[in-house]
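The block underneath contains the structure these notes are about, expressed in structure tokens.
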Amino acid sequence: MVGKAKTWTKAQQARARALKEMGCILCREQGMGWRLPDIHHLLDGGRRMGHDYTIPLDPWYHEGHPPEGMNPRDAKAMFGPSLKLHKREFVERFGSELDILERVNSELAMRGLADQAQHLGMGY
């Protein structure tokens with residue numbers, strides 16, 4: 001269902017906790033270690049796809065907020081493009097949001113949260 005979800009189910013709450021524990025997927029993939037993520041909801045036609053379509057991105061990648069003491073230019077040089085500020089470059093470097101979702105769901109499945117991946121029809 002596309003659109004703003006009304007409430008989080010227990011499974012979606014468990015997913016959000018797992019994503020927070022996972023940390024920013026892009027920071028980890030680039031060898032920068034664990035960073036506290038925001039939970040980014042994927043969109044379809046400008047509307048949220050629901051709480052099952054979420055990925056963990058740190059504030060830079062998610063909303064373009066550079067770490068304290070950095071300006072956006074330096075943050076981009078150090079971390080790469082932000083989804084909000086440089087979407088085309090972001091997709092070229094890290095893949096589409098759906099690509100990232102697939103990587104996140106694979107990791108959740110490996111961590112024993114396969115029901116989240118199956119719920120999305122990922123077949124893990």
Side-chain angles (χ1 to χ4, degrees):
M1 177 174 147
V2 176
K4 191 165 186 119
K6 295 180 175 116
T7 59
W8 294 71
T9 66
K10 287 183 181 186
Q12 291 166 338
Q13 290 172 8
R15 177 186 177 82
R17 282 191 303 276
L19 294 180
K20 288 283 188 178
E21 291 172 10
M22 182 185 293
C24 175
I25 187 166
L26 301 179
C27 291
R28 287 186 307 99
E29 287 179 347
Q30 296 183 96
M32 293 186 283
W34 186 91
R35 289 181 50 98
L36 181 65
D38 294 339
I39 304 300
H40 171 67
H41 286 78
L42 277 63
L43 304 177
D44 181 22
R47 296 180 60 168
R48 280 186 176 187
M49 295 172 69
H51 298 310
D52 294 322
Y53 297 87
T54 50
I55 57 177
L57 299 175
D58 82 349
W60 168 250
Y61 292 119
H62 185 219
E63 292 289 335
H65 300 298
E68 190 172 332
M70 293 186 94
N71 63 45
R73 185 189 75 237
D74 293 339
K76 183 180 179 190
M78 179 174 277
F79 300 111
S82 160
L83 176 60
K84 184 169 186 173
L85 300 177
H86 322 101
K87 185 163 183 157
R88 183 174 292 137
E89 290 175 70
F90 179 94
V91 171
E92 288 172 4
R93 180 163 178 181
F94 303 115
S96 72
E97 293 171 71
L98 288 173
D99 293 335
I100 297 168
L101 177 66
E102 187 173 324
R103 297 193 310 261
V104 166
N105 286 340
S106 292
E107 186 167 332
L108 288 175
M110 290 184 343
R111 290 176 176 225
L113 296 172
D115 59 320
Q116 291 296 323
Q118 285 178 335
H119 177 70
L120 294 173
M122 302 294 287
Y124 296 110

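Computed from a prediction, not measured in an experiment: that's the story for all the values here.
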Requested in this report: Please work out whether the ring planes of H51 and W8 are parallel, tilted or perpendicular, with thresholds of 30° and 60°.
Outcome: parallel

Query raised in the report: Do you know the tightest heavy-atom contact between P72 and P66?
Result: N-CG, 3.9 Å

Query raised in the report: For the atom pair NE2 (H62) and NE2 (H41), what is the distance rounded to the nearest 0.5 Å?
Result: 9.0 Å

**Report entry** Carboxylate-amine/guanidinium proximity below 4.0 Å for E89 and R93
**Finding:** no

Query raised in the report: Shared ILVMFWY cluster between L83 and L98, side chains joined below 4.5 angstrom?
Result: yes

Query - E97 vs K87 side-chain heavy atoms within contact, under 4.5 Å - result: yes

Report summary line: Heavy atoms of D52 and L101 approach each other most closely as O-CD1, 4.2 Å

Report task. Could you tell me which non-hydrogen atom of L108 sits nearest to which non-hydrogen atom of R15, and how far apart they are? Result -> CD1-NH1, 3.2 Å

Query - Side chain proximity check, P67 to F79, heavy atoms < 4.5 angstrom - result: yes

Query raised in the report: Are any side-chain N or O atoms of W34 and backbone N or O atoms of E21, one a donor and one an acceptor, separated by less than 3.5 Å?
Result: yes

Query raised in the report: Is it true that atom CE of M78 has more than 12 heavy atoms of other residues, nucleotides or ligands lying nearer than 6.0 Å?
Result: no

Requested in this report: Please lay out, stage by stage, how R17 and Q13 fare under the test side-chain contact (heavy atoms from CB on, under 4.5 Å).
Outcome: CA-CA 6 Å; R17 282 191 303 276; Q13 290 172 8; 3.8 Å; yes

Query raised in the report: Does atom NZ of K20 have more than 12 heavy-atom neighbours from other groups under 6.0 Å away?
Result: yes

Query raised in the report: Taking a hydrophobic cluster as the set of Ile, Leu, Val, Met, Phe, Trp and Tyr residues connected by side-chain heavy atoms closer than 4.5 Å, whether directly or through intermediates, do V104 and I39 fall within one such cluster?
Result: yes

Report task. Would you name the heavy atoms of P59 and D38 that are closest together and state the gap between them? Result -> CA-OD2, 3.6 Å

Requested in this report: Enter the distance from R28:CZ to E107:CD here, rounded to the nearest 0.5 Å.
Outcome: 4.0 Å

Report summary line: Smallest heavy-atom separation, T7 atom then Q12 atom, equals O-OE1, 3.7 Å

Requested in this report: Take L57 and F94, measure what side-chain contact (heavy atoms from CB on, under 4.5 Å) needs, and give me the verdict at the end.
Outcome: CA-CA 12 Å; L57 299 175; F94 303 115; over 6 Å; no

Requested in this report: Take L42 and I55, measure what side-chain contact (heavy atoms from CB on, under 4.5 Å) needs, and give me the verdict at the end.
Outcome: CA-CA 8 Å; L42 277 63; I55 57 177; 4.1 Å; yes

Report summary line: For D58 and C24 the tightest heavy-atom approach is N-SG, 3.3 Å

Query raised in the report: Step by step, would you call T54 with H40 a side-chain contact (heavy atoms from CB on, under 4.5 Å)?
Result: CA-CA 5 Å; T54 50; H40 171 67; over 6 Å; no

**Report entry** Path from M32 to W60 over hydrophobic side-chain contacts below 4.5 Å
**Finding:** yes

Report task. Answer yes or no: is there a donor N or O on one side and an acceptor on the other, between the side chain of Y61 and the main chain of P37, under 3.5 Å? Result -> no

